[in-house]
Amino acid sequence: MKEVLNQYKSGKQMNFRHFLAESLYEVMVSNGWENIPIVPIPPRKGKIRRTGWDQIDLLSRTLRNKYKIQVIKCLKRTDRVQQKTLHYAEREKHMENTLTLIKGQHRLDGYPQLVLLDDVFTSGATLRAAAVGLSTVYKGGIQAMVICTVL
């Protein structure tokens with residue numbers, strides 16, 4: 001899975017999005033989440049500038065178009081530092097103020113749960129920051145789903 005993710009994220013095998021979307025959808029169905037909206041974790045803007053695309057956005061659109069999963073884009077990212085360059089203890093501190101809600105664009109009430117979607121789980125700092133940010137305006141349950149872990 002690590003090699004599939006690397007090939008997908010590098011843009012060398014963007015068609016892997018179909019395999020990844022199917023795998024994620026199977027996880028959603030097995031957890032009873034197929035009717036729960038996903039909230040994608042956006043990558044750093046520098047990553048998008050450098051590569052020209054957003055791997056989580058493409059995957060989210062594939063889930064929406066093929067499996068009719070609702071996608072709510074309500075998070076923005078302002079950091080310029082790659083998480084992988086930081087030690088585990090530094091990651092949580094770094095993410096505290098860099099992953100925030102897009103103000104006034106999305107109404108989250110009415111959904112009993114949301115599922116955060118990210119590509120890699122390493123320390124949990126990104127997902128934790130997203131959940132904390134969402135919990136300031138959203139009182140429902142927050143789940144998380146990732147393509148692979150580094151553990």
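When a residue number appears, it is its place in the shown sequence, counting from 1.
- A salt bridge is defined here as a Lys NZ or Arg NE, NH1 or NH2 lying under 4.0 Å from an Asp or Glu carboxylate O, and K73 with D57 meets this definition.
- In this structure, a donor-acceptor pair under 3.5 Å is absent between the side chains of N31 and Q143.
- Pairing each heavy atom of L117 with each of S60, the nearest pair is CD2-OG, 3.8 Å.
- Two residues are said to be in side-chain contact when any heavy atoms from C-beta on lie closer than 4.5 Å; Q7 and E3 meet this criterion.
- Between V115 and the choices V39, V27, I36, the side-chain contact (heavy atoms from CB on, under 4.5 Å) rule is met once, by I36.
- For the pair Y138 (side chain) and Q113 (backbone), a donor-acceptor distance under 3.5 Å is present.
- Aromatic ring pairs are classed by plane angle as parallel below 30°, tilted from 30° to 60° and perpendicular above 60°; the pair Y8 and W53 is perpendicular.
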Evaluation steps, side-chain contact (heavy atoms from CB on, under 4.5 Å), between M145 and L116: CA-CA 6 Å; M145 184 170 59; L116 294 171; over 6 Å; no
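- Cluster annotation: I41 is not connected to V132 through the hydrophobic network of ILVMFWY side chains, with a link wherever side-chain heavy atoms come within less than 4.5 Å.
- Proximity of L20 to D119: side-chain heavy atoms (C-beta onward) are nowhere separated by under 4.5 Å.
- Side-chain atoms of D54 come within 3.5 Å of backbone atoms of I56 as a donor-acceptor pair (strictly under, hydrogens ignored).
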The test is side-chain contact (heavy atoms from CB on, under 4.5 Å); show your working for R64 and K68 and say whether it passes. CA-CA 5 Å; R64 182 190 67 216; K68 308 304 179 216; over 6 Å; no
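- V71 places none of its side-chain heavy atoms less than 4.5 Å from the side chain of R61.
- Side chains of I72 and L114 form a contact here, defined as non-hydrogen atoms less than 4.5 Å apart.
- Shown here for C74 and L134, the closest heavy-atom pair between the two residues is SG-CD2, 3.8 Å.
- Here the side chains of F16 and K9 are not in contact, with every heavy-atom distance at 4.5 Å or above.
- The shortest side-chain heavy-atom distance between L24 and L59 falls under the 4.5 Å cut-off.
- Side-chain contact between P42 and L99 is present, with at least one heavy-atom pair separated by less than 4.5 Å.
- Side-chain atoms of R77 and T126, non-hydrogen and from C-beta on, do get closer than 4.5 Å to each other.
- K139 NZ: more than 12 foreign heavy atoms inside a 6.0 Å radius.
- Side-chain contact, Q70 with Y111: a donor N or O sits under 3.5 Å from an acceptor N or O.
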